[in-house]
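On a predicted model such as this, the values are computed, not experimentally measured, just so you know.
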Amino acid sequence: MAPSKVLAGARVVLPTGTVNDGRVIVDGTRIADTAPPQAETVDLSGHWVVPGFVDLHNHGGGGASFAGGTAEQVLTGVETHRRHGTTTVVASAVTGDLDFLARHAGMLAELAQQGDIVGIHFEGPFISPCRKGAHDEQLLRDPDPAEVRKLVDAAHGHAKMMTLATELPGGLDSVRLLVEHGVIAAVGHTDATYEQTVRAIDAGATVATHLFNAMPPVGHRAPGPITALLEDERITVELINDGTHLHPAALQLAFHHAGAARVAFITDAMDAAGFGDGRYRLGPLDVEVTDGVARLVEGGSIAGSTLTLDRAFKRAVTIDRLPVEDVVAAISANPARLLGLDDRVGSLEPGKDADLVILDDAFDLVGVMRRGEWVVDPLPRP
């Protein structure tokens with residue numbers, strides 16, 4: 001077990017606000033309220049200490065895929081994102097053959113059981129061909145509740161979320177089934193009307209998968225799903241803050257209407273995150289990454305992102321000019337609460353896991369701790 005530590009002198013973002021010249025006490029794997037006598041003091045003057053990031057929606061990184069890779073490759077992606085501050089990650093699948101998805105979910109469930117990931121997100125195959133994005137249209141299908149149940153069962157209790165086009169036949173019944181089994185039903189890759197989206201929310205949907213992307217735009221006579229998702233207090237909206245998926249004004253619109261308590265920053269990352277440009281695969285489809293933007297080789301649709309959450313954090317504060325406390329809510333507290341993990345992660349409070357990120361005064365990441373161990377040490381060591 002790592003020695004106890006007192007992280008001192010930093011601006012510490014707590015649920016109650018930011019404390020200047022604050023301190024965080026780490027005793028073993030958890031945050032403590034009193035420091036043991038032998039605790040090591042780490043001077044973090046001039047830095048920020050924020051909770052470890054929680055990513056609801058992530059397909060891979062470090063050259064490795066969560067959606068189709070081996071267990072070893074998934075762990076490579078997990079470690080890549082940890083080095084960028086994501087101490088809690090949900091592994092997202094993409095549209096594929098149903099039997100393959102069930103087998104892959106079984107492997108991911110083993111990693112969740114070990115604590116390497118916290119669960120599985122199924123993005124597809126139950127989505128709209130009209131808003132398929134980077135999903136193989138030939139493998140799309142209507143959300144038959146029996147097939148939805150097959151994937152949930154294959155995850156052995158580790159299915160956290162499923163994205164559905166709820167307007168398709170079987171969509172509302174599938175939402176109800178997911179809710180019954182404790183799985184988040186997310187509206188996304190959808191061609192739904194405003195009225196259809198309201199019905200999905202009333203059936204139990206609680207998340208908007210990457211709001212604005214892969215859904216109809218807002219119209220003054222046809223307000224569409226975006227309006228329904230923004231206005232309903234039951235919905236948490238995912239946002240990809242990479243400067244490619246969203247115009248800054250769209251981001252501000254979401255924060256203004258949903259409020260900071262209903263926003264969750266995600267990466268929607270694919271293999272190239274933390275790795276570099278080149279040719280990749282996302283599920284069965286070829287992707288070309290150029291200047292950090294991933295697009296399908298066939299058709300040119302945006303194919304996930306190369307984002308890491310430390311970059312999303314810095315952009316939110318320095319370009320979007322959001323309050324640091326609101327960004328911490330969107331990147332840590334809100335997704336932790338949505339996943340039912342807020343008793344363990346998402347905020348810096350005694351008794352919770354010692355998962356935290358150290359940022360310098362320019363909001364660049366300089367340190368990451370997960371369960372009391374440095375993943376990225378903020379100080380040079382001999």
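In this structure a side-chain-to-backbone donor-acceptor pair under 3.5 Å is present from Gln196 to Thr193. Listed for the Asp360 side chain is a donor-acceptor partner under 3.5 Å among the backbone atoms of Phe363. Under a 3.5 Å cut-off, the side chain of Ser65 and the backbone N or O of Gly68 do form a donor-acceptor pair. The backbone N or O of Ser45 sits less than 3.5 Å from a side-chain atom of His47, completing a donor-acceptor pair. Distance alone, capped at 3.5 Å, is enough to place a donor-acceptor pair between the Arg370 side chain and the Thr87 backbone. Of the possible polar contacts, one joining the Asn334 side chain to the Ala260 backbone as a donor-acceptor pair under 3.5 Å is found. Formation of a donor-acceptor pair under 3.5 Å by the His181 side chain with backbone atoms of Val183 is not found in this model. Judged by distance alone, the side chain of Asp277 and the main-chain N or O of Gly292 form a donor-acceptor pair under 3.5 Å. In terms of modelled atom types and a separation under 3.5 Å, the side chain of Ser92 and the main chain of Asn58 share a donor-acceptor contact. Checked by atom type and distance alone, the side chain of Asp268 never pairs as donor or acceptor with a backbone atom of Ser305 at under 3.5 Å.
Pairing each heavy atom of Ala362 with each of Thr318, the nearest pair is O-CG2, 4.4 Å. Across Leu139 and Gly96, no two heavy atoms sit closer than the pair CD1-CA, 3.8 Å. Contact detail for Phe126 and Pro143: the closest heavy-atom pair is CD2-CA, 3.5 Å. Of all the heavy atoms in Ala272 and Val289, the pair that sits closest is CB-CG2, 3.8 Å. Heavy atoms only, all atoms of each residue included: Gly372 and Lys5 are closest at O-NZ, 3.2 Å. Here the shortest heavy-atom pairing between Val237 and Ala258 reads CG2-CB, 4.2 Å.
Between the OG1 atom of Thr227 and the CG atom of Asp232 there is a distance of 12.0 Å, given to the nearest 0.5 Å. In this structure, CG on Leu56 lies 8.0 Å from OG1 on Thr236, to the nearest 0.5 angstrom. Note that CG of Leu246 and CZ of Arg315 are 9.0 Å apart. Values are rounded to the nearest 0.5 Å. With rounding to the nearest 0.5 Å, the separation of CD in Glu298 from CG in Asp136 is 11.0 Å. Residue His245 holds its NE2 atom at 13.5 Å from CG of Leu251, rounded to the nearest 0.5 Å. Rounded to the nearest 0.5 angstrom, Thr308 OG1 and Phe53 CZ are separated by 9.0 Å.
Judged purely by distance below 3.5 Å, without hydrogens or angles, the side chains of Glu238 and His57 pair a donor atom with an acceptor atom. Side chains of Glu231 and His257: no donor on one and acceptor on the other come within 3.5 Å.
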Practice item. Would you sort out whether Ser347 and Glu349 count as a side chain to side chain donor-acceptor pair (under 3.5 Å), showing the intermediate values? Key: CA-CA 6 Å; Ser347 61; Glu349 297 177 89; 2.5 Å; yes
Exercise for review: Apply side chain to side chain donor-acceptor pair (under 3.5 Å) to Asp116 and Gln114, showing your working.
Suggested key: CA-CA 6 Å; Asp116 298 301; Gln114 295 168 194; 2.8 Å; yes
**Study point:** Working for side chain to side chain donor-acceptor pair (under 3.5 Å), residues Ser128 and Asp191
**Key:** CA-CA 7 Å; Ser128 172; Asp191 204 41; 5.3 Å; no
Review point. Run the side-chain contact (heavy atoms from CB on, under 4.5 Å) check on Asp144 and Val148 step by step: do they pass?
Key: CA-CA 6 Å; Asp144 179 343; Val148 169; over 6 Å; no
Practice item. Run the numbers on Glu40 and Ser4 for side chain to side chain donor-acceptor pair (under 3.5 Å), then give the verdict. Key: CA-CA 6 Å; Glu40 169 195 6; Ser4 301; over 6 Å; no
Review point. Step by step, would you call Ile302 with Asn213 a side-chain contact (heavy atoms from CB on, under 4.5 Å)?
Key: CA-CA 10 Å; Ile302 295 176; Asn213 296 110; 5.5 Å; no
Review point. How far apart are the C-alpha atoms of Val49 and Leu348, what are their side-chain angles, what is the distance that settles it, and do they pass the side-chain contact (heavy atoms from CB on, under 4.5 Å) test?
Key: CA-CA 9 Å; Val49 179; Leu348 301 176; 3.9 Å; yes
Exercise for review: Walk me through it: do Val218 and Phe212 pass the test side-chain contact (heavy atoms from CB on, under 4.5 Å)?
Suggested key: CA-CA 9 Å; Val218 176; Phe212 299 107; 5.5 Å; no
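Ionic pairing of Asp353 and Arg344 is present here: one or more N-O contacts between side-chain nitrogen and carboxylate oxygen are shorter than 4.0 angstrom. In summary, Arg11 and Asp21 do not engage in a salt bridge, as defined by a charged side-chain N under 4.0 Å from a carboxylate O. The pair Glu137-Lys132 meets the salt-bridge criterion, since a charged nitrogen lies less than 4.0 angstrom from a carboxylate oxygen. By the 4.0 Å N-to-carboxylate-O rule, Arg311 lies too far from Asp242 to be salt-bridged with it.
Note: the hydrophobic cluster containing Leu341 does not contain Met369 (ILVMFWY, side chain heavy atoms under 4.5 Å, direct or indirect links). When hydrophobic clusters are built by joining Ile, Leu, Val, Met, Phe, Trp and Tyr residues whose side-chain heavy atoms come closer than 4.5 Å, directly or via intermediates, Val6 is not grouped with Leu44. The hydrophobic cluster containing Val19 also contains Val42, counting ILVMFWY residues as joined when their side-chain heavy atoms lie under 4.5 angstrom apart, directly or transitively.
Contact check for Phe122 versus Val94: no side-chain heavy atoms found under the 4.5 Å cut-off. Contact annotation: the side chain of Leu356 approaches that of Leu7 to within less than 4.5 Å [non-hydrogen atoms, C-beta and beyond]. Taking the side chain as every heavy atom from C-beta outward, Ile235 and Val207 never approach each other to under 4.5 Å. When side chains are defined from C-beta on, Trp374 does not count as touching Val368, because their heavy atoms never get closer than 4.5 Å. Between Arg295 and Val287, every side-chain heavy-atom pair lies at or beyond the 4.5 Å cut-off. When side chains are defined from C-beta on, Phe255 does not count as touching Asp320, because their heavy atoms never get closer than 4.5 Å. Taking the side chain as every heavy atom from C-beta outward, Glu325 and Val13 approach each other to under 4.5 Å. Considering only heavy atoms from C-beta on, Leu339 comes within 4.5 Å of Val90 through its side chain.
A centroid separation of less than 6.0 Å is found between the aromatic rings of His135 and His189.
Between His104 and Phe100, the two ring planes are parallel [angle under 30°; tilted spans 30° to 60°]. The aromatic rings of His81 and Phe66 sit tilted relative to each other, their planes meeting at an angle between 30° and 60°. Taking the six-membered ring where the residue is Trp, Phe275 and Tyr280 present perpendicular rings, their angle passing 60° and hence far from 30°.
When each of Val179, Leu172, Leu178 is tested with Arg176 by the rule side chain to side chain contact (heavy atoms under 4.5 Å, CB included), just one qualifies, namely Leu172.
Other residues, nucleotides and ligands place no more than 12 heavy atoms under 6.0 Å from the CZ atom of Arg23. Annotation: Gln138, atom CD; neighbour count of heavy atoms from other residues, nucleotides and ligands within 6.0 Å does not exceed 12.
Sorted by first then second residue, the salt bridge (Lys or Arg N to Asp or Glu O under 4.0 Å) pairs that include residues 95-114, not counting sequence neighbours, are Asp99-Lys150.
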